[in-house]
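Here is the structure we will look at.
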Amino acid sequence: MTTECPHGGRFYNALGDRLENLGRLSDIIPADVLDAWFPPAPSVLDALSDSLPWLAKTSPPVHAEPLAEALGEFLSIDKHAVLPGPGSSSLIFLALTRWLNSQTRVWIPDPGYGEYRHVANLMGAKVDGQPLWPAGGMSSIQAAIRGDYDLVVIVNPNNPTGWSATASDLVEVLSQRSPNTKIWIDEAYAAYMPEIGSLAPWAATQRGVFVSRTLSKSHSLSGLRAACLIAHPDELASLRKFMPPWSVSFPGQVASIQALREQNYYRQRYAETVATRENFTTFLVKIGFKVLASEANWILAHHDQANQVVREAESRGIYIRDPANMSSQPWPGTLRIAVRSVEETQRMGEALQQILQDLQPNFPRVS
Ligand SMILES: Cc1ncc(COP(=O)(O)O)c(C=O)c1O
C-alpha cells in the first residue's frame, strides 16, 4: 500500500526554491502534467487584470454562490446540485475522507489518476481495480458495478489509458448499481471529447451518483483552482457543510464565471489540441514509440528505454510523466506526454527524436 503523493509536476524544480525563476516557465515544457496548453480566453484575463487589486485583497463570496449559479447554467442543472470547490482534487479529499474507512471497499481504475488510490489508502479502505483500456473497459465497469463496492470511481475519459464511454452507455450500466454503492464519475477531460457528453445532468437527479468537473484542464485555470461536484442536492448536503468558507478564491470565481461564457474560444482550442495530438502521435510512432493511448490532451506511449528518455528530456527542460505511480503494478517502459502548443510539441518532437537517436544510433531520422 502506498500513501505517497501521486502527482506529476517535476517541472516545479525548475522554478527555484522560492519560485524565483518564474520566467523559466517560458523556456521549459511542463508536459508531465495535463494542464491546458492554451491561455485563458482574453476576456478572462481582462476580467482579472481590471479588478486584480480588489480581487486580491477582498474576501470572495463565501460558498462561491455566483460560480455555482454559472456552473449550473453551463451544465443545465439546478445550482443546488452544484458544489464548487478549489480544484477537483480538493473535492476528492473532501468526499473520500468522509465516506471511506477500513471497513469500506472501493473500485478504482488501475492504472488511473493516483489521487483516488492515495486517499483510499490513507483511509485504510480496501482497494480493487482493473485497467480501463478501450477494449474491455466497459465490461470491467459492469463487473465493478456488480461487485457490491461502497464506492466505484470512473474517470471518463480515463487518464492515462484513454478509455472513454458515452454518457448514454454509462447511464445504462450505472442504472444497475446497488443502492449501497456510490458512483463517482470524474469528467476532468470530458470537454476535449464533446461527443461523449456528460453525466452531470443525470447525476443531479440520482441518488448516490457524483460527477466531478474541473476548470483546470478545460478552461486553463489550473493555477486558480476551480472545480465542482454535481449530485442530487440532498446527497451534496452532507459534504457541503464541510467545505471551508472562501475556498474558491475571488480571482478563481471571477475568472471561472467569465471563462464559462467563452465556449467558442475554448471549443476552438480543443479542436486544435486534437489536431496537434494526432500529428504528434503519428510522429512518435515513426520515431520508434509504441502509442498505447492518444486521447483528450495526452499521449501514453511505450519505449523500452522510457526511463532514460524521461531523464534526458528533463535535462533539456522538457518534462514528461513517468506514470509508474499511476499503477498499483510495476509499469516499466511507459511515458505520458501532455499535448502542448504546436511550437512546443514540435520542440518536444525534435528533442525526443534526438534522444532516441543517441540511445539507438542506427534509427533512421524522420523529417
Ligand atoms: C482525472 C483527473 N481528475 C482530477 C484531476 C485534478 O484536477 P484539479 O486541478 O481540478 O484538482 C486530475 C489532474 O491531473 C486528473 O487527471
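Every number for a ligand or one of its atoms is a count from 1 in the order of the listing.
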Checklist entry - Cationic tip of Lys57 within the cone over Trp54's six-membered ring, i.e. under 6.0 Å and within 45° of the normal? => result yes
Checklist entry - Mind checking what makes side chain to side chain donor-acceptor pair (under 3.5 Å) contact with Asp32, not counting sequence neighbours? => result none
Checklist entry - Which heavy atom of Thr334 sits nearest a heavy atom of Asp322, and at what distance? => result O-OD1, 4.2 Å
Show me the side-chain donor-acceptor pairs of residues 257-266 shorter than 3.5 Å, one per line, residues at least two apart or across chains.
{"from": "Gln258", "atom 1": "OE1", "to": "Arg261", "atom 2": "NH1", "distance (Å)": "2.5"}
{"from": "Gln258", "atom 1": "NE2", "to": "Ser43", "atom 2": "OG", "distance (Å)": "2.9"}
{"from": "Glu262", "atom 1": "OE2", "to": "Ser43", "atom 2": "OG", "distance (Å)": "2.5"}
{"from": "Gln263", "atom 1": "OE1", "to": "His219", "atom 2": "NE2", "distance (Å)": "3.0"}
{"from": "Asn264", "atom 1": "OD1", "to": "Arg267", "atom 2": "NH1", "distance (Å)": "3.3"}
{"from": "Tyr265", "atom 1": "OH", "to": "Pro39", "atom 2": "O", "distance (Å)": "2.6"}
{"from": "Tyr266", "atom 1": "OH", "to": "Ala41", "atom 2": "N", "distance (Å)": "3.0"}
{"from": "Tyr266", "atom 1": "OH", "to": "His219", "atom 2": "O", "distance (Å)": "3.3"}

Report, one line per pair, each donor and acceptor closer than 3.5 Å where one atom sits in a side chain of residues 345-352; sequence neighbours left out.
{"from": "Thr345", "atom 1": "OG1", "to": "Arg340", "atom 2": "N", "distance (Å)": "3.4"}
{"from": "Thr345", "atom 1": "OG1", "to": "Arg340", "atom 2": "O", "distance (Å)": "3.0"}
{"from": "Thr345", "atom 1": "OG1", "to": "Ser341", "atom 2": "O", "distance (Å)": "2.7"}
{"from": "Arg347", "atom 1": "NH1", "to": "Asp27", "atom 2": "O", "distance (Å)": "3.3"}
{"from": "Arg347", "atom 1": "NH2", "to": "Asp27", "atom 2": "O", "distance (Å)": "2.5"}

Next on the checklist: Which label fits Tyr189 and Tyr192: parallel for a plane angle under 30°, tilted from 30 to 60°, or perpendicular past 60°?
Outcome noted: tilted
Item to check | Close-range residues for ligand 1, whose non-hydrogen atoms fall below the 4.0 Å threshold | outcome: Gly87, Ser88, Ser89, Tyr113, Val155, Asn159, Asp186, Ala188, Tyr189, Thr214, Ser216, Lys217, Arg225
